[in-house]
Amino acid sequence: MKIASVIVDVPAKQTDKAFDYLVPKQWEDMIQPGMRVIVPFGPRKIQGFVIEVKSTTEVKKLRELVEPMDLEPVLNDELIKLGDWLAENTLSFKIFAFQVMLPAALKAKYEKKVKMAEGVYLSDLPLNLHPYFKNGGMLDWDDAIKNGIVPHLQREAAKGLLEVVYLVKERVKKKQMKYIIPLVSKEDLLVEIQRLPANAQKQKQVLEYFINHPHEVEMRKLIAELNVSLSTIKALSNKNLLAETVKEIYRDPFKDHHFERRGPLPLTKAQEKAITPILHAIQNREHEVFLLYGVTGSGKTEIYLQSIQEVINNGKEAIVLVPEISLTPQMVNRFKGRFGEMVAVLHSGLSAGEKYDEWRKIQRKEVKVVVGARSAIFAPFENIGIIIIDEEHETSYKQEEMPRYHARDVAIKRAQTYNCPVVLGSATPSLESFARAKKKVYQLLSLPVRMNNKALPTVEIVDMREELRAGNRSMFSRKLFELLKDRLEKKQQSVLFLNKRGHSSFVMCRDCGYVVNCPKCDISLTYHRAGVQMKCHYCGYESVVPRACPECNSEYIRFFGTGTQKVEEELGKILPEAKVIRMDVDTTSRKGSHERLLKEFQDGKADILLGTQMIAKGLDFPNITLVGVLSADTMLHLPDFRSSEKTFQLLTQVSGRAGRHQLPGEVIIQTYTPEHYSIQLAGRQDYTQFFQQEMMVRRAHHYPPYYFLTLITVSHEQLLTAVSTTEKIVKYVRSKLSSEAVILGPSVSPIAKINNRYRYQCLIKYKREPNLTKTLKMILDQYQKEASKDGLLVSVDVNPFILM
Ligand code: ADP
Ligand code: ZN
Ligand code: ZN
């Protein structure tokens with residue numbers, strides 16, 4: 001008797017454990033841990049993950065599992081264990097912890113087919129499978145199940161002859177093209193050519209073609225190249241020598257990109273010193289976390305590349321995480337240029353199908369390196385030799401929904417399993433990481449100077465209040481305007497940076513101060529010039545801009561806040577001769593537009609690049625000599641204890657964009673709070689001083705890295721229910737934790753209402769609370785039961801990044 005323990009796809013408290021199912025005889029040889037299966041659950045049939053296969057169970061009345069969903073496990077043993085760890089540490093449902101590790105194509109209900117792997121012919125397969133793959137080699141999974149041939153398919157899949165593909169229906173309809181594939185091997189084709197009648201010249205010609213090109217060919221191309229007719233091809237496919245197949249054409253954003261191969265550079269003394277302990281850890285199979293602290297342009301990436309080379313030489317694999325936003329062709333180029341075909345790239349620009357393809361390359365061990373955003377940390381490698389996290393301070397490494405994990409924690413966990421080093425790189429490390437390095441929990445490696453000792457750009461802070469006093473009401477200070485004009489004359493490029501987060505354009509009445517808010521969320525609507533529309537960024541609510549104020553009927557209702565569009569308009573007025581490229585969510589929402597705009601700027605098609613934080617990273621163009629930050633302090637006033645840190649990081653990063661090459665750079669930071677330490681110190685690029693100052697603030701207010709945080713958010717349609725539930729939770733937490741823990745609340749969330757639900761919080765600050773996880777679990781247990789009845793939602797975020 002074989003029994004499978006299955007985590008079912010029902011994210012709820014009561015079902016957050018493994019259920020045992022009897023494996024039917026026909027699947028006994030097949031079901032393995034890490035496979036997905038269909039199981040009966042109540043009256044329904046649902047999906048689940050097999051986490052264990054065993055021979056005994058306590059359960060009396062076993063139900064039989066229905067059928068497998070995979071030919072091979074999609075999770076290996078390490079990832080199954082990691083899923084448990086993830087669920088435990090982030091207080092997530094187990095099913096979410098497993099799902100997050102897989103590409104989207106595997107999560108949704110996509111059409112699933114089995115096809116012959118590339119270069120495999122029908123004659124390679126056992127005879128009983130021939131009927132299923134005759135017609136072009138795509139077999140519906142459902143048909144495979146119905147015909148009871150899945151175990152046969154699995155055998156062939158294990159030999160690499162068959163594979164599962166997912167036909168992903170994209171919102172944008174993909175181009176489909178007809179292809180012709182040979183169904184028999186070269187030798188058989190030769191035999192067939194002999195057998196054809198002498199007058200079948202065209203048919204012979206086609207078969208000869210396939211002897212030389214034993215792969216699929218686009219039908220149009222074949223017809224044009226050989227000057228044959230469709231009927232010739234049809235005749236051959238009737239003889240089961242060829243088959244017609246339809247293929248979706250994916251647009252790989254890097255496909256047409258030429259990656260120039262580049263070898264390693266001889267390291268500088270400083271690089272040599274920094275890389276030595278990393279290489280040592282790789283060679284000695286030691287787990288250690290390194291914090292590689294070095295300003296932009298100090299040669300960190302070269303250290304990553306040479307460390308990875310060592311890992312590959314040892315027959316192992318490397319995971320490299322970079323923030324989504326810096327996954328530009330320039331960045332990918334560095335890795336593909338060094339390691340070529342050994343690199344898989346995972347980023348959001350890929351379609352679900354393309355992501356699945358990259359994931360399969362990793363799973364099949366066809367690649368040795370994966371470069372990707374947050375979720376690439378789950379790459380199904382089985383022999384990891386190094387994990388690198390570039391720009392480790394980036395908040396995008398934290399996932400804001402279940403499982404609420406931080407990629408850094410997952411990286412360290414996996415690296416412990418594989419006994420390999422983790423390298424965290426940054427010019428402005430997170431306070432947490434730098435503090436750990438100071439306490440020798442991480443090993444600090446420094447690259448103090450830019451390559452070739454290029455000076456950091458000079459930074460000038462401009463007080464915008466002074467400008468106003470001097471009668472300048474424009475969004476450009478006199479100094480910035482002067483320099484922009486100067487660069488225009490010198491034909492050098494400038495970057496203008498608008499720190500838009502938390503300061504989007506809203507619509508306000510100038511007479512009474514009324515602000516147009518979303519009716520469902522307690523947040524102002526954002527103005528979109530293009531459609532004269534206002535939109536809620538939280539729930540998607542849309543409305544047109546009113547002509548008169550709904551409160552006082554004044555006509556002076558208009559939008560406020562400086563959006564990129566408004567800056568662009570203003571630039572058009574004051575510098576009409578300047579060519580401007582604007583980069584924000586609106587101009588880069590289409591696939592590939594981000595790269596296209598950057599390329600245009602790089603090719604010198606514009607004088608000024610204007611954008612939001614998305615241009616803060618990765619720009620490395622020789623002709624940029626001026627960077628202007630229009631409003632440095634907009635982020636400082638967010639209700640977020642990291643706002644100073646984020647401001648410092650962002651300003652430092654933007655400043656680093658200027659003068660990276662031969663020409664010296666200048667930076668202008670415009671602000672209404674020039675005295676603030678994060679602006680002052682960013683101006684001097686003084687991380688050490690910033691670290692000391694900010695640590696004092698954190699200590700005084702009981703924030704990380706001195707304290708850990710956990711945030712409980714309660715939401716409900718009734719205000720009173722939200723408040724009273726939070727109150728109960730606060731009391732309960734207080735009764736379970738030590739007197740050293742600081743428990744705040746109930747307090748209204750910085751965003752008091754989202755989608756008609758009132759939101760209240762309890763914030764816990766603590767150093768060591770062995771009871772905390774148990775307590776939080778109890779709370780979730782209690783309220784997740786109520787959730788289904790009453791619509792109450794309680795969420796717990798351990799180490800939250802956003803307190804809203
Ligand atoms: P970071 O990752 O810290 O921003 P990079 O690794 O990108 O720094 O290095 C900055 C520039 O210096 C790049 O153009 C890189 O090619 C070059 N560079 C890095 N290391 C060396 C070296 N050892 N010798 C010569 N040039 C180098
Ligand atoms: Zn009004
Ligand atoms: Zn809304």
Side-chain angles (χ1 to χ4, degrees), residues 259-279 290-310 318-339 343 369 371-373 386-394 397 422-430 433-434 437 444-457 495 598 602 615-625 627 649-665 667 685 687:
F259 296 107
E260 206 175 306
R261 288 305 287 263
R262 288 210 189 86
L265 302 164
L267 296 180
T268 62
K269 278 232 167 61
Q271 281 174 320
E272 200 65 70
K273 193 164 164 233
I275 201 173
T276 304
I278 302 176
L279 297 180
F290 296 99
L291 176 61
L292 179 57
Y293 162 53
V295 294
T296 17
S298 61
K300 295 188 293 297
T301 310
E302 187 60 33
I303 290 187
Y304 302 155
L305 291 168
Q306 299 202 13
S307 304
I308 295 170
Q309 186 64 59
E310 178 67 23
I319 297 177
V320 184
L321 300 189
V322 298
E324 182 65 55
I325 230 162
S326 28
L327 260 176
T328 56
Q330 285 183 321
M331 185 70 182
V332 173
N333 210 353
R334 301 279 296 270
F335 290 87
K336 289 232 180 187
R338 190 69 55 90
F339 304 116
V343 182
V369 183
V371 181
I386 195 168
I387 301 178
I388 293 163
I389 304 186
D390 191 32
E391 314 268 10
E392 68 89 32
H393 60 276
E394 270 292 313
Y397 287 128
V422 172
V423 178
L424 309 172
S426 177
T428 51
S430 64
S433 292
F434 204 74
L444 184 64
L445 309 170
S446 304
L447 289 176
V449 287
R450 278 180 156 187
M451 291 305 304
N452 311 329
N453 289 316
K454 278 269 135 47
L456 286 167
V495 172
L598 280 181
Q602 183 178 20
I615 63 170
K617 300 186 189 83
L619 277 181
D620 186 8
F621 304 146
N623 210 22
I624 301 174
T625 58
V627 169
Q649 286 163 348
L650 210 56
L651 291 180
T652 310
Q653 211 144 45
V654 189
S655 305
R657 294 303 120 208
R660 290 184 54 131
H661 296 265
Q662 295 313 316
L663 302 165
V667 178
Q685 315 242 332
Y687 178 82

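From a predicted model like this one, the values you see are computed outputs, not experimental measurements. As the structure lists them, so they are numbered: ligands from 1, and atoms in each ligand from 1. The figures that follow rest on heavy atoms only: side chains count, while hydrogens, waters and symmetry mates do not.
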query: Do side-chain atoms of K273 reach the backbone of T268 as a donor and acceptor pair under 3.5 angstrom?
result: no
task: Indicate whether the side chain of Q306 and that of E302 have a donor and an acceptor atom separated by less than 3.5 Å.
output: yes
task: Determine whether any heavy atom of P266 lies closer than 4.0 Å to an atom of ligand 1.
output: yes
message: What's the separation between atom CG in L279 and atom CD in E272, rounded to the nearest 0.5 Å?
response: 8.5 Å
message: As an exercise, identify every atom of ligand 1 less than 4.0 angstrom from a heavy atom of L267.
response: 23 (N)
Proximity winner for atom 8 (O) of ligand 1, if only heavy atoms of G299, G425, A427 are counted: G299
query: Do any heavy atoms of V295 fall under 4.0 Å from ligand 1?
result: yes
- request: For ligand 1, indicate whether the residue L447 contacts it via side chain, backbone, both or neither (heavy-atom separation under 4.0 Å).
  value: neither
task: Anything under 30° is parallel, anything over 60° is perpendicular, the rest tilted; go ahead and classify F434 against Y687.
output: perpendicular
query: Can you find a pair of side-chain heavy atoms, one from I275 and one from S307, that are under 4.5 Å apart?
result: yes
